[in-house]
Structures are given as C-alpha cells and as structure tokens.
Amino acid sequence: MGVNLRELIPEDARREITDLRELMGKVVALDAYNALYQFLAAIRQPDGTPLIDRKGRVTSHLSGLFYRTINLMEHGIKPVYVFDGMPPEIKRYEVERRRMRREKAAELAEKAYAEGRVEEARKYSVQAIRLTQEMVESAKRLLDAMGVPYVQAPSEGEAQAAHIARKGDAWAVASQDYDALLFGAPRLIRNLTISGRRKLPGKDVYVEIKPEVIELDKVLKALGITRSQLIDIAILIGTDYNPDGVPGIGPKSAYQLIKAHGSLEKVLKILPQATFPEDPLKIREYFLNPNVIDEYKLEWHEPDEKRIIEILVHEHDFSLDRVENALQRLKKAYREYFRGKITSLDMWFKRK
DNA sequence: CTCTCACA
DNA sequence: TGTGAGAGG
C-alpha cells in the first residue's frame with residue numbers, strides 16, 4: 001500500500017529523531033487510516049485473533065490509538081488525526097483489487113485456522129484486515145472523549161493531512177506511507193512510536209525502530225527535481241492509483257528517465273508499451289490538486305474521564321485499572337502542555 | 001503496538 | 001535501571 005519511495009529518498013533528506021522532545025509543542029497530522037490499520041495488524045495473538053470485547057467487536061485499534069496518543073501527548077506532541085473520506089474516482093481499480101485480495105485472504109485464514117496452522121492463520125488474517133465503519137466511528141468517539149481533534153477528509157486522508165501541513169497548521173504528517181510527500185507535505189514522520197521495537201514478520205527477531213523525519217525540500221534538492229517530477233517518478237514505479245507501475249521500471253530507472261526527459265509525457269513517448277488502469281496524467285493532476293477542505297478546527301480539550309471509561313471499560317471491556325492509570329498520564333500531559341499558553345521559560349525548563 | 005510484571 | 005516474556009479485550 002502506498003508508494004514505495006524508500007529507495008529513492010536520499011540519505012541526507014532523512015533524519016532520525018533520537019529524542020521525541022524534538023517534537024515538543026509541534027502539531028502532527030496523523031494519517032488515521034494508516035495508524036488504525038497498523039494497530040489492527042500488530043495487536044493480535046499469535047494465531048491472528050485480535051483483541052475483542054464480550055460482544056465480539058474488535059478493539060485492537062482502540063487499544064493502540066488510546067495508548068499511543070497518550071504517549072505522544074506526554075511528549076508535548078499535539079496530535080490531530082485525519083480520516084479518509086470517499087476514495088477518488090481514479091482509485092476505483094485499486095479499491096476493487098484490494099477488496100478481492102482481502103476476501104481471498106479471509107478464506108485462507110479461516111482454512112489455516114481450522115487446520116491449526118497458526119502462523120499461516122495469522123499471516124492471512126492480517127491480509128484480510130478491513131477497517132469497518134464501526135471501527136472508524138469508535139475511534140472518533142474515543143478521540144472526542146480524549147479531547148483530541150480529528151479532521152474528516154472529503155477524499156484521501158494523506159492529501160488532507162498534507163494540506164494541513166502545507167498551510168502551516170501542522171508541522172508534519174505522520175504516516176508509514178510516502179504518499180504525503182507526493183501530496184506536498186513539507187515533512188513526513190515515519191515510525192512515530194515510543195517503544196522502538198518491532199518484530200520482523202515471520203521470525204521472532206526484533207529490530208530497533210526509530211522515528212525519522214523526511215523533508216520534502218531536501219528530497220527535491222538532493223534529487224534535483226520538482227515535486228511534479230517526483231510524482232511522475234512515483235507513477236512510473238507505481239502508486240495507489242496504478243499499483244503495478246510500469247513493469248520493469250524501478251526507482252532507479254524511473255528517476256533516470258524523468259531526469260533525462262523532464263516529464264512523464266515525454267517518457268511515455270519512448271515507452272509505448274506502458275499501460276495504466278487510469279490516465280497517468282490524471283493521476284499526477286490528482287496528486288497536485290486533490291480534493292481537500294479548509295474548514296477544520298484544531299483544538300485540544302480537557303479529556304473527559306467519565307466518557308473515556310464509559311467507552312473503553314463499560315462498552316469494550318478494557319481493564320479499569322489500566323485505563324485509569326493511562327488517564328492519569330493523559331491528564332498530566334494535558335495540564336503540562338495543552339492548557340493555556342506555554343511560556344518560553346516553561347519550554348526552557350522542559351528541555352532538561 | 002504498548003503495558004505490566006518478574007527477574008537480574 | 002534495564003530487559004524479556006506474556007497479556008491486553
């Protein structure tokens with residue numbers, strides 16, 4: 001999912017965040033779909049079963065959302081979650097393709113589970129993950145209760161998040177996908193987590209994961225291209241709107257081609273065999289001018305303790321002890337960083 | 001993914 | 001004070 005620009009991003013456009021205090025006081029627009037999906041994928045038992053409440057409703061996404069948001073706020077980071085709206089027309093092909101892949105995976109998961117093949121069951125249940133309307137709504141209700149703002153994008157969440165960051169209302173977009181850069185986000189934060197350990201898929205091996213910031217300006221300068229050309233390269237490699245890209249063309253040759261010929265139009269003239277599920281120029285146009293809104297309010301409010309307990313403990317069977325514990329941390333973070341203005345002297349002391 | 005608790 | 005295993009819902 002998303003564009004894979006990893007190999008294209010020059011080393012010096014990428015910076016590790018060694019201390020999350022660097023982000024203190026900064027607004028970060030999080031791609032909600034990306035975050036919830038990650039929680040659903042990661043918060044599972046070895047056989048692939050997610051956390052569920054007594055009514056059988058999945059709660060993994062709420063657990064992840066709750067604890068991670070508190071962690072960010074404890075570092076003085078101001079989170080705003082951006083939710084996806086209607087996928088754009090040019091995504092139709094990919095949306096359908098994903099739906100079929102999920103259905104197939106769901107069947108395989110059930111089969112593997114019934115036959116006791118635990119690892120396979122897990123693998124396929126992750127591939128079968130679907131973010132339901134119910135999950136999205138429960139996540140929004142939880143954020144409301146926590147006093148954390150969210151923005152409902154008219155279309156792609158990454159596009160809306162990038163728009164918010166471009167206007168200066170957020171310092172960066174946080175997502176695992178690189179798409180926000182194509183949409184013009186000045187900064188992209190990947191791996192925005194506190195616990196820096198992640199299990200390698202398949203094996204019981206853990207690797208250190210550190211958050212990193214990628215700066216769009218530095219990417220473009222280092223590569224000597226414009227954002228429009230970066231988008232052209234992405235289209236040759238493959239985006240959400242043409243996932244296969246152009247067969248045989250990877251990051252390296254895509255870059256060389258655009259660098260040498262200047263634009264996608266010119267490159268396509270020498271690649272007459274290339275086919276696309278959508279007009280590639282329309283895809284570029286969408287990255288440059290996506291459907292976004294300016295009507296949103298980014299305000300952080302005092303957490304509503306009772307409502308949070310109502311949602312997590314009474315509706316979804318979270319342990320009262322754990323939730324109360326986290327609530328103390330949330331309230332403290334709110335007092336410290338979110339209530340009223342923070343003076344520069346306060347900031348100076350918090351650095352220590 | 002994140003928390004908690006046991007153990008060094 | 002830090003690390004690892006196991007549970008969380």
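- Among pairs with a residue in residues 264-275 of chain A, those fulfilling side-chain hydrogen bond (donor to acceptor under 3.5 Å, both in side chains) read S263(A)-E265(A), E265(A)-R284(A), at least two apart in sequence or across chains.
- For residues 47-67 of chain A, the set of pairs meeting the salt bridge (Lys or Arg N to Asp or Glu O under 4.0 Å) definition, not counting sequence neighbours, comprises D53(A)-R57(A), R54(A)-D317(A).
- The cationic atom of K78(A) (NZ for Lys, CZ for Arg) does not lie both less than 6.0 Å from the six-membered ring centre of Y337(A) and within 45° of the ring axis.
- When rounded to the nearest whole Å, the span between CZ of F66(A) and C1' of dG9(C) equals 14 Å.
- Between the side chains of Y81(A) and D31(A), no donor-acceptor pair of N or O atoms lies under 3.5 Å.
- Separating the CG atom of D47(A) from the P atom of dG6(C) is a distance of 16 Å, rounded to the nearest angstrom.
- D53(A) has its CG atom 17 Å from the C1' atom of dA7(C), to the nearest Å.
- One atom, CD1 of I70(A), and another, P of dT4(B), lie 10 Å apart when rounded to the nearest Å.
- Proximity note for Y67(A) (side chain, C-beta onward) versus dT2(B), dG8(C), dT4(B): the nearest is dT2(B).
- Atom pair Q45(A):CD and dA5(C):P shows a separation of 18 Å (rounding to whole Å applied).
- Applying the side chain to side chain donor-acceptor pair (under 3.5 Å) criterion to E215(A), with sequence neighbours excluded, gives no partner residue.
- Checking dC3(B), dG9(C), dC1(B) against every side-chain atom of N71(A), the shortest atom distance belongs to dC3(B).
- The distance from atom CG of L36(A) to atom P of dT2(B) is 13 Å, rounded to the nearest whole Å.
- Q328(A) pairs by the side chain to side chain donor-acceptor pair (under 3.5 Å) definition with nothing, not counting sequence neighbours.
- With rounding to whole Å, H75(A) atom NE2 is found 11 Å from dT2(B) atom P.
- For the pair Q328(A) CD and dC3(B) C1', the interatomic distance rounds to 16 Å; values are reported in whole Å.
- The side chain of L51(A) lies closest to dG8(C) when the candidates are dC1(B), dG8(C), dC3(B).
- Each of dG9(C), dG8(C), dT2(B) was ranked by its minimum atom distance to the side chain of T49(A); first place goes to dG9(C).
- Residues from residues 307-324 of chain A with heavy atoms under 4.0 angstrom of DNA chain B, sorted by number: R322(A).
- In the hydrophobic clustering, where aliphatic and aromatic side chains (Ile, Leu, Val, Met, Phe, Trp, Tyr) are joined below 4.5 Å either directly or transitively, Y113(A) stands alone.
- For the pair R44(A) and dG8(C), the criterion of a side-chain N or O lying under 4.0 Å from OP1 or OP2 is not met.
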